Amino acid sequence: MNVFRLVGDLSHLLAIIILLLKIWKTRSCAGVSGKSQILFSLVFITRYLDLFTNFISVYNSVMKIIYLVTSLGTVYLMYFKFKATYDSNHDTFRIEFLVVPVGGLSFLVNHDFTPLEILWTFSIYLESVAILPQLFMISKTGEAETITSHYLFALGSYRALYIVNWVYRYYTEGFFDLIAIVAGCVQTILYCDFFYLYITKVLKGKQLKLPA
Amino acid sequence: KLAAVKKDEL
């Protein structure tokens with residue numbers, strides 16, 4: 001473990017908590033893409049199938065459980081408890097256009113052609129594009145609540161910090177996982193224009209409005 | 001197939 005990955009994980013956890021609290025406190029999921037949340041739940045489910053068979057550390061197991069429970073909890077709040085506030089008219093990204101190519105690619109490019117490894121690879125590729133429905137929804141509505149932009153900043157920062165972690169691990173222990181690195185770079189690049197807007201607008205107290 | 005790596009990250 002290194003500080004970059006630890007801060008990255010905490011940033012990821014913070015993002016998930018911010019979103020959960022936003023929905024729970026305001027009793028509304030306006031402006032939040034339920035499709036992205038479904039994809040994130042799918043990412044965690046397919047990635048953590050080894051939760052009970054491959055013990056790494058208490059921290060690792062506890063975080064996996066927290067991610068699984070909170071992401072499924074968010075999907076539950078959005079599609080059941082606060083379904084009336086779910087903005088399905090703007091959450092229209094066709095996620096089959098993500099799941100199918102990602103599924104195909106995970107069969108073609110992976111570390112090992114075994115079910116567990118292919119599902120892990122699927123999870124890594126899917127995570128890199130899972131935010132697209134959310135970014136698409138914001139581009140359609142043209143704006144995002146400030147709390148939602150904080151969520152996105154924390155979520156985008158997590159994988160950016162993981163890239164620093166991979167550089168660090170390459171130079172200190174010679175470890176590198178090309179699949180995770182390439183997918184992580186794609187994932188972080190997708191946030192670039194949001195990061196620009198967040199830093200130039202939200203941090204100056206303005207609301208996040210995308211140029212129409 | 002790429003070199004198998006240990007899965008110790010989240």
Side-chain angles (χ1 to χ4, degrees), chain A residues 1-2 4-6 8-13 16 43-44 47-51 53-57 59-68 107-114 116-121 123-124 127 158-159 161-162 165-166 169-170 173-182 184, chain B:
Chain A
M1 174 58 82
N2 59 67
F4 306 111
R5 182 143 61 95
L6 181 61
D9 289 339
L10 296 180
S11 181
H12 193 185
L13 183 61
I16 293 173
V43 163
F44 292 133
R47 188 174 304 179
Y48 299 153
L49 293 169
D50 64 348
L51 175 61
T53 59
N54 176 18
F55 179 78
I56 305 280
S57 68
Y59 168 83
N60 189 271
S61 299
V62 167
M63 288 296 271
K64 284 177 177 178
I65 292 168
I66 292 174
Y67 286 166
L68 282 165
F107 272 91
L108 295 172
V109 181
N110 51 58
H111 288 306
D112 195 16
F113 202 77
T114 60
L116 218 53
E117 190 65 32
I118 287 175
L119 282 169
W120 177 84
T121 307
S123 158
I124 292 287
E127 188 190 5
Y158 130 72
R159 215 62 181 170
L161 285 160
Y162 255 70
N165 150 67
W166 289 322
R169 291 191 75 178
Y170 178 69
E173 51 185 287
F175 168 90
F176 75 100
D177 178 348
L178 212 50
I179 286 179
I181 291 172
V182 172
Chain B
K1 277 182 28 166
L2 298 155
V5 293
K6 60 178 186 275
K7 302 267 180 295
D8 61 350
E9 297 183 342
L10 288 173

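Source: prediction; values computed, not measured. Protein chains get the first letters and strands the later ones, always in sequence-line order, with residue 1 at the start of each.
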What are the two closest heavy atoms between B/Leu10 and A/Arg159, and how far apart are they?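 So the minimum-distance heavy-atom pair works out to O-NH1, 4.2 Å.
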
Sequence-distant partners of A/Arg169, salt bridge (Lys or Arg N to Asp or Glu O under 4.0 Å), two or more places apart: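 Only A/Glu173, B/Asp8, B/Glu9 meet the salt bridge (Lys or Arg N to Asp or Glu O under 4.0 Å) criterion with A/Arg169.
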
Checking A/Tyr48 against chain B: side chain, backbone, both or neither under 4.5 Å from a heavy atom?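 Answer is side chain: those atoms of A/Tyr48 sit under 4.5 Å from chain B.
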
For A/Asp9, is it the side chain, the backbone, both, or neither that has a heavy atom closer than 4.5 Å to a heavy atom of chain B?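 Answer is side chain: those atoms of A/Asp9 sit under 4.5 Å from chain B.
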
Crowding at OH, A/Tyr59 (>12 non-hydrogen neighbours, <6.0 Å):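 Result for OH/A/Tyr59: enclosed.
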
